[in-house]
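Here the structure is laid out as structure tokens; the discussion comes afterwards.
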Amino acid sequence: MDFQVIVTLAVILLAIVLFVTEKLSVDLIGLVIICALVITGVISPVEGIQGFSNTATITVAFMFVMSAALLKTGALQFVAYKLSDIFKRNFRWGLVLMMLLIALISAFINNTPVVAVFIPVVIQIAKSTRKSPSQLLIPLSFASIFGGACTYIGTSTNVLVSGIAQEYGYEGFSMFQLLPFGLILVLVGTLYMMLIGSRILPKNRRNDENLEEKFGMREYLTEIELQENTDSIGKTIMQSALVNDLKIDILEINRNGTRYNLPQGDFILHAGDILKVRCNLSNIKELKSRAKVLEGSSLKMAGDNLQGTGTSLVEMVISANSEFDGKNLQEVDFRRRFRASPLAIKHREEVLHEDLYDIKLKAGDVLLAEVKSHYVKELRKKEMSQNAPFALLSSDHVIDFNKKQFLIVISVLGIVIALATFGILDIVISVMAGVVALVLLNVLNMREVYKAINWKIVFLLAGVLSFGVALTNTGLDQKIAGGLLGQLGSFGPIVVLSGLYLATSFLTELMSNNATAALMAPIAIAISTQLGLLPTPFLMAVTFAASASFMTPIGYQTNTMVYTAGSYKFTDFTKVGVMLNLLFWILATVFLPIIFPFQPI
């Protein structure tokens, strides 16, 4: 085994470890892959950066803009809230309709913002129908995955595999080439969730208890009165020893009956001020020795005593690929940017109260914060953007549906799809022209275009495309293909395709679906070459398997988003997802060779 083969295998292993441990953000992992392969000489500098100019990368970037334009119209929010009445009449059929609707939307726009929009709606539906949100949020995520598998633009994975096929000299996917098998997955997946999955999902994870109980805040919120001899008197909040030494957050100051909500750092403290504060449990005893703690204040989450007339309590779920992901609240300047004070962070199955500004946030974390009421509307605007850092769970939404803009966006999107479907324009040019049209029609401005592009995904795609070049340069794709054929080749191409699907499905549970597709697509092409067949059915196996991630909450970004919001345990995904993964594997083994028959080169 030569040096370059060893390096390539080591980089692949390193990437898998980084994806699983989430030690680095996905965009940084993409850059690490490029640098490692170029520095060691496995690929040239030109080959290292060619992923940035790949048609797949550019197409995905502009599709983010198309999605942002549709979100801006408020159409998704409007449709989402229309679902409530259906659920009240018949919960099971409401579930089916929701999943089919989500699948339809996700077939044409990026599913991450779709799920972000629907999470708070689904939670409100669960409360109004006296059901647990855990019965709806996994179906929401899974439906978005089903729908993304139906069209070329449904998910970045489809675009990526198509781009790799073109790099190897084969035809890319057409707009609706995936639709026949994608529809099978939508129908069977929805039927499975209605008849079997809904019975497996936890039914007693209720999210309607008050926020004090949900976030365990009783011991972390208190009121103190500043006495004459307190050393903080006459100083600003920033200068106060109480704040600096004990790391407390001042949520409100009551001065002679006048309340100052979330005061700024230059607010001067006076004797007799009553401060509502959040304090680490370890510092409460010290706080009592330095200020008068009002024992009878009886602070209650979401009650009149805690939530003043000028503030609101909100829960924010961190979106996939959010700017918050991998950063702490201090790094994102949370208090100043969002006029909010953090109270607790719910990470997976635990609630964190201490050192909140130092905790590295992850996608799916739920942040409880007190926000100035007049600023909640601004938070909603941020939530409705394509790259929204969070989705609001516990605040009422104001639906602002712009019908005129919606008709413009849906018309442009329809034209883009038609031009690509009938081969009038290449998809990348069609999407680019669509974005230009939206800007010229004043639906978006160029600043919104730049902001809409999810640069984390762009850098990730550019990075993982280097995998294919490295596999080809080292001959590893042929060696791995030869090994797989040595084990399964004698059973025929159907068994080989089935094994390829299963291997891809397993790998995508461990790391990014895009990284898995970029790694397995060249191997699929090498297998088809050695069999003397066109690669289409094998590439389809990789495409569908890379997105069909149901067994873990970390295998696909929408699963991660609903993990904490639904109060799920890791095993909840496994219980529901294992059978679904196996079912899709069987469907792929049976139907892919029929829909995409094997053809000699």
Side-chain angles (χ1 to χ4, degrees), residues 8 11-12 15 19 26 29-30 33-34 37 42-44 46-63 148-149 151-175 177-178 420 426-428 431 457-481 484 497 500-501 503-505 507-508 511-531 533-548 592 596 601:
T8 302
V11 172
I12 292 172
F19 281 122
V26 293
I29 295 173
I33 292 169
I34 294 175
L37 292 174
V42 176
I43 61 177
S44 68
V46 173
E47 291 171 329
I49 63 173
Q50 70 183 10
F52 288 100
S53 61
N54 189 283
T55 56
T57 307
I58 297 171
T59 301
V60 169
F62 282 108
M63 279 308 303
T151 66
Y152 171 82
I153 59 174
T155 178
S156 55
T157 307
N158 305 348
V159 182
L160 177 62
V161 176
S162 176
I164 292 172
Q166 291 175 313
E167 290 287 324
Y168 280 80
Y170 297 99
E171 285 189 13
F173 301 158
S174 62
M175 180 62 68
Q177 190 174 356
L178 293 84
D426 186 88
I427 181 63
V428 66
V431 174
I457 297 298
V458 170
F459 276 82
L460 173 64
L461 291 177
V464 297
L465 279 166
S466 300
F467 275 149
V469 181
L471 290 174
T472 302
N473 288 356
T474 60
L476 260 176
D477 54 349
Q478 297 294 334
K479 292 177 183 177
I480 295 172
L484 185 59
L497 180 146
L500 181 65
Y501 183 100
T504 305
S505 178
L507 191 57
T508 200
M511 65 178 190
S512 160
N513 55 321
N514 288 315
T516 300
L519 184 62
M520 297 302 291
I523 296 172
I525 293 173
I527 288 172
S528 67
T529 302
Q530 293 187 26
L531 287 173
L533 301 171
L534 289 175
T536 301
F538 300 98
L539 288 173
M540 288 296 175
V542 168
T543 303
F544 286 110
S547 291
L592 284 182
F596 308 103
I601 297 176

Inset, instruction - Determine whether L471 and I12 make a side-chain contact, defined as any pair of heavy atoms from C-beta on separated by less than 4.5 Å. - result: yes
Legend entry - Pairing residues for N158 by the side chain to side chain donor-acceptor pair (under 3.5 Å) criterion, not counting sequence neighbours: none
Inset, instruction - Mind checking side chain to side chain donor-acceptor pair (under 3.5 Å) for T472 and listing every partner two or more places apart, or none if nothing turns up? - result: Y168
Legend entry - Set of side chain to side chain donor-acceptor pair (under 3.5 Å) partners for T508, sequence neighbours left out: none
Inset, instruction - Hey, could you give me the CD1/CD distance between I34 and E47, rounded to the nearest 0.5 Å? - result: 12.0 Å
Inset, instruction - State which residues pass side chain to side chain contact (heavy atoms under 4.5 Å, CB included) with Q530; sequence neighbours excluded, sorted by chain then number. - result: Q478, A481, L485
Inset, instruction - Output all residues satisfying side chain to side chain contact (heavy atoms under 4.5 Å, CB included) with A462, sequence neighbours left out; order by chain, then residue number. - result: F52
Inset, instruction - Can you sort out the partners of F467 under ring-ring contact (aromatic ring centres under 6.0 Å, His included), two or more places apart, ordered by chain and number? - result: none
Legend entry - Rounded distance [0.5 Å steps], CE in M175 versus OG in S162: 10.0 Å
Inset, instruction - List in chain and number order the residues that pass side chain to side chain donor-acceptor pair (under 3.5 Å) with Y170, two or more places apart in sequence or in another chain; answer none if no residue qualifies. - result: none
Inset, instruction - Starting at CD1 of I427, measure out to CD1 of I58 and round the result to the nearest 0.5 Å. - result: 12.5 Å
Inset, instruction - Check side chain to side chain contact (heavy atoms under 4.5 Å, CB included) between N54 and all other residues, then give those that pass, not counting sequence neighbours. - result: A56, T57, E167, L465
Inset, instruction - Kindly compute the distance separating CD1 (I33) from OG1 (T8), expressed to the nearest 0.5 Å. - result: 11.5 Å
Legend entry - Listed partners of S174 passing side chain to side chain contact (heavy atoms under 4.5 Å, CB included), at least two apart: Q177
Would you list the atom pairs, donor with acceptor, under 3.5 Å between side chains in residues 515-529 and any protein atom, with sequence neighbours excluded?
unit_1	atom_1	unit_2	atom_2	d
T516	OG1	S512	O	3.0
S528	OG	I525	O	2.7
T529	OG1	I525	O	2.8

Legend entry - Over all atoms of both residues, closest heavy-atom pair of L592 and A541: CD1-CA, 3.7 Å
Legend entry - Heavy-atom closest pair, residues V159 and I153: CG2-CA, 4.4 Å
Legend entry - Side-chain touch M511/I29, heavy atoms, less than 4.5 angstrom: no
Inset, instruction - Please name the pair of heavy atoms, one in L500 and one in F538, separated by the smallest distance, quoted to 0.1 Å. - result: CD2-O, 3.6 Å
Inset, instruction - Report the distance from atom CG of N513 to atom CZ of F19, rounding to the nearest 0.5 Å. - result: 9.5 Å
Inset, instruction - Please list, chain by chain and in numerical order, all residues satisfying ring-ring contact (aromatic ring centres under 6.0 Å, His included) with F544, sequence neighbours excluded. - result: F181
Inset, instruction - Could you list the residues that satisfy ring-ring contact (aromatic ring centres under 6.0 Å, His included) with F596, not counting sequence neighbours? - result: none
Legend entry - Test item: S156 and L160 side chains (from C-beta on) under 4.5 Å apart, heavy atoms: no
Legend entry - Separation between CD1 of I601 and CG of L534, rounded to the nearest 0.5 Å: 6.0 Å
Inset, instruction - Verify, without hydrogens or angle tests, whether T474 (side chain) and A470 (backbone) share a donor-acceptor contact under 3.5 angstrom. - result: yes
